[in-house]
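Data first, discussion second: the structure below is written as C-alpha coordinates.
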Amino acid sequence: MDEVAVIEDPAAAEASLDPMRSKLLAELVEPGSATSLAARVGLARQKVNYHLRTLEKHGLVELVEERRKGNVTERVMRATAASFVISPAALASVQPDPGRSPDRLSARWLLALAARLVRDVGALVNGAARARKRLATFAIDGQVRFASAADRAAFAEELTQCVTSLVSKYHDESAEGGRDHRLIVAVHPSVHPSVHPKER
(Lines give C-alpha, C1' and ligand atoms only; values in the text may rest on other atoms or scores of the structure.)
Protein backbone atom coordinates (compact mmCIF):
# COMPACT_ATOMS: atom_id res chain seq x y z
CA MET A 1 0.00 0.00 0.00
CA ASP A 2 1.28 3.46 -0.93
CA GLU A 3 1.30 6.24 1.65
CA VAL A 4 -0.24 8.71 -0.83
CA ALA A 5 -1.77 8.07 -4.26
CA VAL A 6 -2.69 10.69 -6.84
CA ILE A 7 -6.02 10.39 -8.64
CA GLU A 8 -5.81 11.75 -12.20
CA ASP A 9 -8.86 10.08 -13.78
CA PRO A 10 -12.08 12.16 -13.53
CA ALA A 11 -14.27 9.05 -13.01
CA ALA A 12 -12.01 7.79 -10.22
CA ALA A 13 -12.10 11.25 -8.61
CA GLU A 14 -15.89 11.24 -8.76
CA ALA A 15 -16.03 7.76 -7.25
CA SER A 16 -13.74 8.74 -4.37
CA LEU A 17 -15.73 11.87 -3.52
CA ASP A 18 -18.93 9.98 -2.77
CA PRO A 19 -19.26 10.31 1.05
CA MET A 20 -19.87 6.58 1.65
CA ARG A 21 -17.04 5.50 -0.67
CA SER A 22 -14.73 7.98 0.98
CA LYS A 23 -15.66 6.47 4.35
CA LEU A 24 -15.00 2.96 3.02
CA LEU A 25 -11.59 4.04 1.71
CA ALA A 26 -10.71 5.35 5.17
CA GLU A 27 -11.86 2.07 6.76
CA LEU A 28 -9.88 0.02 4.24
CA VAL A 29 -6.48 1.27 5.37
CA GLU A 30 -6.77 -2.07 7.17
CA PRO A 31 -8.09 -5.00 5.05
CA GLY A 32 -11.77 -5.80 5.43
CA SER A 33 -14.65 -7.64 3.81
CA ALA A 34 -18.06 -6.32 2.83
CA THR A 35 -19.51 -8.06 5.90
CA SER A 36 -17.07 -6.49 8.37
CA LEU A 37 -17.39 -3.08 6.71
CA ALA A 38 -21.19 -3.20 6.70
CA ALA A 39 -21.22 -3.42 10.49
CA ARG A 40 -18.77 -0.52 10.84
CA VAL A 41 -20.40 1.91 8.40
CA GLY A 42 -24.05 0.99 9.07
CA LEU A 43 -24.91 -0.14 5.54
CA ALA A 44 -26.28 -3.37 4.11
CA ARG A 45 -23.59 -5.80 2.90
CA GLN A 46 -24.99 -5.75 -0.65
CA LYS A 47 -24.65 -1.95 -0.82
CA VAL A 48 -21.12 -2.12 0.56
CA ASN A 49 -20.29 -4.68 -2.14
CA TYR A 50 -21.67 -2.32 -4.80
CA HIS A 51 -19.45 0.53 -3.56
CA LEU A 52 -16.42 -1.77 -3.29
CA ARG A 53 -16.86 -2.93 -6.88
CA THR A 54 -16.93 0.71 -8.03
CA LEU A 55 -13.82 1.57 -6.02
CA GLU A 56 -12.04 -1.54 -7.32
CA LYS A 57 -12.95 -0.68 -10.92
CA HIS A 58 -11.12 2.64 -10.51
CA GLY A 59 -8.07 1.14 -8.79
CA LEU A 60 -8.80 2.68 -5.39
CA VAL A 61 -9.12 -0.67 -3.59
CA GLU A 62 -7.54 -4.04 -4.31
CA LEU A 63 -8.19 -7.66 -3.49
CA VAL A 64 -6.02 -8.99 -0.64
CA GLU A 65 -7.47 -12.50 -0.38
CA GLU A 66 -10.55 -14.61 -0.90
CA ARG A 67 -11.93 -16.68 1.96
CA ARG A 68 -14.35 -19.56 1.50
CA LYS A 69 -17.19 -19.53 4.04
CA GLY A 70 -19.58 -22.41 3.31
CA ASN A 71 -21.10 -21.74 -0.10
CA VAL A 72 -19.93 -18.12 -0.12
CA THR A 73 -16.56 -16.68 -1.13
CA GLU A 74 -15.74 -13.62 0.94
CA ARG A 75 -13.48 -11.06 -0.72
CA VAL A 76 -11.09 -9.18 1.59
CA MET A 77 -10.22 -5.76 0.18
CA ARG A 78 -7.74 -3.03 1.04
CA ALA A 79 -7.31 0.58 -0.11
CA THR A 80 -4.45 0.98 -2.58
CA ALA A 81 -3.15 3.93 -0.53
CA ALA A 82 -3.43 5.30 3.00
CA SER A 83 -4.53 8.66 1.59
CA PHE A 84 -5.43 10.15 -1.77
CA VAL A 85 -4.89 13.47 -3.53
CA ILE A 86 -7.04 14.48 -6.49
CA SER A 87 -4.91 16.01 -9.23
CA PRO A 88 -6.18 19.13 -11.01
CA ALA A 89 -5.71 16.98 -14.14
CA ALA A 90 -9.01 15.32 -13.15
CA LEU A 91 -10.65 18.69 -13.93
CA ALA A 92 -8.55 19.31 -17.03
CA SER A 93 -10.73 21.98 -18.66
CA VAL A 94 -10.94 24.13 -15.51
CA GLN A 95 -7.62 23.44 -13.79
CA PRO A 96 -5.70 26.56 -12.71
CA ASP A 97 -3.05 27.95 -15.06
CA PRO A 98 -0.33 29.95 -13.30
CA GLY A 99 0.75 31.29 -16.69
CA ARG A 100 -2.43 33.35 -16.99
CA SER A 101 -1.59 36.07 -14.48
CA PRO A 102 1.80 35.66 -12.79
CA ASP A 103 1.94 37.77 -9.63
CA ARG A 104 4.29 36.66 -6.90
CA LEU A 105 2.30 38.59 -4.27
CA SER A 106 -1.04 37.03 -5.21
CA ALA A 107 -2.49 34.25 -3.02
CA ARG A 108 -4.54 33.03 -5.99
CA TRP A 109 -1.41 32.74 -8.11
CA LEU A 110 0.22 30.75 -5.29
CA LEU A 111 -2.85 28.49 -5.33
CA ALA A 112 -2.47 28.01 -9.11
CA LEU A 113 1.23 27.14 -8.59
CA ALA A 114 0.30 24.64 -5.86
CA ALA A 115 -2.29 23.06 -8.17
CA ARG A 116 0.33 22.71 -10.92
CA LEU A 117 2.71 21.19 -8.35
CA VAL A 118 0.10 18.56 -7.40
CA ARG A 119 -0.64 17.84 -11.06
CA ASP A 120 2.99 17.58 -12.16
CA VAL A 121 4.33 15.65 -9.17
CA GLY A 122 1.26 13.40 -9.32
CA ALA A 123 1.97 12.58 -12.96
CA LEU A 124 5.65 11.94 -12.13
CA VAL A 125 4.78 9.69 -9.16
CA ASN A 126 2.30 7.67 -11.22
CA GLY A 127 4.77 7.40 -14.13
CA ALA A 128 7.60 6.31 -11.83
CA ALA A 129 5.33 3.68 -10.25
CA ARG A 130 4.41 2.27 -13.68
CA ALA A 131 8.11 2.20 -14.67
CA ARG A 132 9.08 0.78 -11.24
CA LYS A 133 11.62 3.56 -10.79
CA ARG A 134 12.40 5.97 -7.98
CA LEU A 135 11.60 9.65 -8.42
CA ALA A 136 14.21 12.19 -7.30
CA THR A 137 12.58 15.15 -5.54
CA PHE A 138 13.45 17.52 -2.71
CA ALA A 139 11.31 19.67 -0.45
CA ILE A 140 11.71 21.89 2.59
CA ASP A 141 8.85 22.58 4.97
CA GLY A 142 9.43 25.07 7.77
CA GLN A 143 7.92 27.88 9.77
CA VAL A 144 9.10 31.42 10.46
CA ARG A 145 7.51 34.06 12.69
CA PHE A 146 7.88 37.66 11.49
CA ALA A 147 7.83 40.53 13.96
CA SER A 148 6.37 42.90 11.37
CA ALA A 149 5.17 43.25 7.79
CA ALA A 150 8.42 45.09 7.04
CA ASP A 151 10.42 42.07 8.24
CA ARG A 152 8.31 39.80 6.08
CA ALA A 153 8.94 41.98 3.01
CA ALA A 154 12.68 42.10 3.75
CA PHE A 155 12.74 38.31 4.14
CA ALA A 156 10.96 37.86 0.80
CA GLU A 157 13.44 40.17 -0.92
CA GLU A 158 16.46 38.40 0.57
CA LEU A 159 14.99 34.98 -0.22
CA THR A 160 14.47 36.08 -3.83
CA GLN A 161 18.09 37.19 -4.10
CA CYS A 162 19.39 33.92 -2.58
CA VAL A 163 17.28 31.71 -4.84
CA THR A 164 18.14 33.79 -7.94
CA SER A 165 21.83 33.50 -7.10
CA LEU A 166 21.60 29.70 -6.66
CA VAL A 167 19.67 29.28 -9.92
CA SER A 168 22.26 31.40 -11.78
CA LYS A 169 25.06 29.28 -10.29
CA TYR A 170 23.63 25.85 -11.22
CA HIS A 171 21.44 26.44 -14.28
CA ASP A 172 23.15 25.17 -17.45
CA GLU A 173 21.09 25.79 -20.55
CA SER A 174 23.61 24.00 -22.77
CA ALA A 175 24.04 20.83 -20.68
CA GLU A 176 23.58 17.80 -22.94
CA GLY A 177 21.52 15.18 -21.19
CA GLY A 178 20.55 17.71 -18.52
CA ARG A 179 17.02 17.69 -17.16
CA ASP A 180 14.88 20.71 -16.35
CA HIS A 181 13.52 20.91 -12.81
CA ARG A 182 10.67 23.04 -11.49
CA LEU A 183 11.47 25.21 -8.47
CA ILE A 184 8.70 26.66 -6.30
CA VAL A 185 9.32 28.69 -3.15
CA ALA A 186 6.30 29.88 -1.20
CA VAL A 187 5.62 31.79 1.98
CA HIS A 188 2.11 32.04 3.40
CA PRO A 189 0.53 32.49 6.85
CA SER A 190 0.27 29.26 8.84
CA VAL A 191 -3.17 27.74 9.26
CA HIS A 192 -3.98 26.40 12.72
CA PRO A 193 -6.53 23.55 12.35
CA SER A 194 -8.03 24.20 15.79
CA VAL A 195 -9.02 27.75 14.82
CA HIS A 196 -12.37 28.24 13.08
CA PRO A 197 -11.93 29.75 9.57
CA LYS A 198 -14.02 32.83 10.52
CA GLU A 199 -11.63 33.59 13.37
CA ARG A 200 -8.46 33.50 11.27
Side-chain angles (χ1 to χ4, degrees), residues 1-17 22 25-26 28-30 55 58-62 78-146 152-193:
M1 172 189 288
D2 294 323
E3 184 60 35
V4 181
V6 182
I7 299 172
E8 296 177 300
D9 177 58
E14 183 181 356
S16 72
L17 290 171
S22 179
L25 281 174
L28 284 172
V29 170
E30 296 295 328
L55 292 169
H58 294 294
L60 302 172
V61 300
E62 60 191 359
R78 177 180 66 185
T80 52
S83 55
F84 294 88
V85 174
I86 296 176
S87 169
L91 296 168
S93 57
V94 292
Q95 65 182 306
D97 177 8
R100 277 194 207 122
S101 53
D103 177 1
R104 67 181 189 175
L105 298 179
S106 164
R108 296 192 187 282
W109 189 59
L110 173 55
L111 201 57
L113 286 175
R116 183 177 64 192
L117 178 69
V118 170
R119 183 199 68 200
D120 291 355
V121 175
L124 289 166
V125 165
N126 288 342
R130 284 190 295 271
R132 297 179 186 272
K133 290 187 175 179
R134 288 177 59 84
L135 176 64
T137 62
F138 172 74
I140 296 175
D141 180 29
Q143 192 162 311
V144 56
R145 181 187 288 262
F146 298 112
R152 185 181 63 232
F155 175 87
E157 185 59 36
E158 194 171 337
L159 182 62
T160 301
Q161 290 170 7
C162 289
V163 171
T164 302
S165 173
L166 273 173
V167 169
S168 297
K169 180 178 178 180
Y170 289 100
H171 179 67
D172 188 348
E173 191 69 45
S174 62
E176 282 195 36
R179 184 172 184 184
D180 290 339
H181 284 69
R182 172 77 61 190
L183 172 69
I184 296 176
V185 179
V187 177
H188 63 81
S190 296
V191 176
H192 301 285

Test item: T80 side-chain N/O and D2 main-chain N/O as donor-acceptor pair under 3.5 Å:
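No, because the side chain of T80 does not come within donor-acceptor range (under 3.5 Å) of the backbone of D2.
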Under a 3.5 Å distance rule, please check whether S165 uses its side chain to pair with a backbone N or O of Q161 as donor and acceptor.
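Looks like no, no N/O pair under 3.5 Å.
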Reported [atom1]-to-[atom2] distance for the pair [X] and [Y], which is rounded to 0.5 angstrom:
X    : Y    : atom1 : atom2 : value
L135 : L124 : CG    : CG    : 5.5 Å
M1   : R78  : CE    : CZ    : 5.0 Å
R134 : T137 : CZ    : OG1   : 9.0 Å
R108 : S101 : CZ    : OG    : 10.5 Å
L111 : L117 : CG    : CG    : 11.5 Å

Identify the two heavy atoms, one from L60 and one from S16, that lie closest to each other, and give their separation to 0.1 Å.
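Nearest pair, atom of L60 first, then S16: CD1-CB, 3.9 Å.
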To check you understand the geometry: which heavy-atom pair defines the closest contact between P102 and G99, and what is its length?
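Residues P102 and G99, closest heavy atoms: CD-O, 3.7 Å.
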I'd like to know whether CZ of R152 has more than 12 heavy-atom contacts from other residues, nucleotides or ligands below 6.0 angstrom.
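It does not: R152 CZ has 12 such atoms or fewer within range.
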State whether the number of non-hydrogen atoms from other residues, nucleotides or ligands found under 6.0 Å of E8 atom CD is greater than 12.
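Atom CD in E8 is crowded, with more than 12 foreign heavy atoms closer than 6.0 Å.
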Compare all side-chain heavy atoms of L113 with those of R116 and state whether any distance is below 4.5 angstrom.
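SC-SC contact between L113 and R116 confirmed.
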Pairwise side-chain contact, R145 with Q143, heavy-atom cut-off 4.5 Å (strictly under):
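SC-SC contact between R145 and Q143 ruled out.
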Please determine which of V118, V6, L17, L91 meets the side chain to side chain contact (heavy atoms under 4.5 Å, CB included) test together with I86.
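It is L17, the one option of V118, V6, L17, L91 that forms the side chain to side chain contact (heavy atoms under 4.5 Å, CB included) with I86.
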